[in-house]
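Each chain gets a letter, A, B and so on, in the order the sequences are listed, and its residues count up from 1.
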Protein chains: 2
Amino acid sequence: MELNEAKDKFIQSWGNFGTNWGINKTMAQIHALFLISDELLSTEDVMDALQISRGNTNMNIRTLVDWGLLYKESKKGERKEFFRGEKDMWLVGKRVIKVRQRQELEPVLQILSEVQNIKETKSNKEETKKFKAQMKSIEDLSLSANSFLTKASNADENWFWKILMKLIK
Amino acid sequence: MELNEAKDKFIQSWGNFGTNWGINKTMAQIHALFLISDELLSTEDVMDALQISRGNTNMNIRTLVDWGLLYKESKKGERKEFFRGEKDMWLVGKRVIKVRQRQELEPVLQILSEVQNIKETKSNKEETKKFKAQMKSIEDLSLSANSFLTKASNADENWFWKILMKLIK
DNA sequence: TTAAACTTTCAATAATTATTGAAAGTTTAT
DNA sequence: ATAAACTTTCAATAATTATTGAAAGTTTAA
């Protein structure tokens, strides 16, 4: 395989991978492009490399910066904005976990808690008890997952993997 | 809140939650309905409860059975098929992890490995080295995540959480 | 067999989500 | 203040994904 062929394959695959996990294809592709680019890239560079529109590029670069996966940087003598990708995959992982935990797991925890405040009537006493118990069990697992992810996304790599390795042996 | 209002809220939220993670809304809603139903339900019961078409219901029930989140069961004297939901959230979690790991993580591992077989030319020696190194680092993290998920999805609950609790303390 | 009861399929359609690109907005240099 | 260089927005459009429902397929009972 050629280098450029390999790069393209990686970008396309990363895009599809994102798609399966609720991250839009362009955003994942831009991220992939930055993972394999050592130089700073401008919005136009990204537009050219991936053949996508200015609006699309701008929007997704913004989101990647918000997620902490890209950094805005300046080039001396250039007025244009440039960006650099975070290359450390452990850090990338931690940041993705943080954002998605906040955006998606926490709202569910909120609902699971709310939904347990039901007024019980004489006619549905048993049913209510069972429903609450089931919500509680989902809440418990979600809370444990949430704690784990919080810990994981704040942990320093060595310490974390050292203990994790005992687990996965 | 009323019991039925709470049930509906849970079903809708679970549907949206699924949507954010690349699982279609109907499938997640059907799953939610089974999580809070003690009785066996038929395709028609699900159609009625969620107001969705026969085809949609059939297709998503099939997938849920494939994933191991629903079981097909018979009711004596009834010719119709009935289904029962797996209620144990730990088991549900393990099964979801297994399916998605196979469907989405493993293809990425495949690509990451493929993409490292590049023929180096004199003109791009350095660039090729860097690209390979970056692919390797992504592959390493992905392999670790993969091992962890495999372990987690085969673990028995008590043993697993006991060690995990030390981590998340 | 036959036909009723039930399940599955799939082409058509609807709903959702992503993308474009031109116009509006902003910043900087002079 | 002006205008060139650059960034952002957003209504229109395209692409993707989900859903419908009728027709085809299958199973069962008599």
#### Entry: Listed once per pair and sorted, the ring-ring contact (aromatic ring centres under 6.0 Å, His included) pairs that draw on residues 32-75 of chain B, sequence neighbours left out
none

### Task
Would you please enumerate the stems DNA chain D participates in, each stem being three or more consecutive Watson-Crick or G-U wobble pairs with both distances under 3.5 Å?
C:1-30 with D:1-30

### Message
Tell me the interatomic distance from A/L50, atom CG, to C/dA18, atom C1', rounded to whole angstroms.
### Response
15 Å

### Message
Using a strict threshold of under 4.0 Å (side-chain N to carboxylate O), is an ion pair present between B/K132 and B/E127?
### Response
no

### Query
Between A/W90 and A/A152, which heavy-atom pair has the shortest distance, and what is it?
CZ2-O, 4.0 Å

### Query
What's the CD-P distance between A/E44 and D/dC6, to the nearest Å?
8 Å

### Atom-to-atom span, CD of B/E81 to P of D/dT26 - whole angstrom
15 Å

### Query
Where along residues 7-35 of chain A does a heavy atom come under 4.0 Å from DNA chain C, residue by residue in number order?
A/N24, A/T26

### Query
So, B/E39 and B/K75, do they make that salt bridge, N to O below 4.0 Å?
no

### Query
Hey, do the aromatic rings of B/F148 and A/F148 have their centres closer than 6.0 Å?
yes

### Query
Which pairs with one or both residues in residues 99-136 of chain A pass ring-ring contact (aromatic ring centres under 6.0 Å, His included), sequence neighbours excluded?
none

### Query
In residues 52-79 of chain A, which ones come under 4.0 Å of DNA chain C, going by heavy atoms?
A/I52, A/S53, A/G55, A/N56, A/R79

### Query
Is A/E104 salt-bridged to A/R100, going by a charged N under 4.0 Å from an acidic O?
yes

### Message
Set out, in order, the CA-CA distance, both residues' side-chain angles and the distance that settles side-chain hydrogen bond (donor to acceptor under 3.5 Å, both in side chains) for A/Q110 and A/E114, then state yes or no.
### Response
CA-CA 6 Å; A/Q110 173 59 29; A/E114 278 177 32; 2.7 Å; yes

### Message
Any carboxylate oxygen within less than 4.0 angstrom of a Lys/Arg side-chain nitrogen, looking at A/E81 and A/R62?
### Response
yes

### Qualifying ring-ring contact (aromatic ring centres under 6.0 Å, His included) pairs with a residue from residues 42-61 of chain A, counting only residues at least two apart or across chains
none

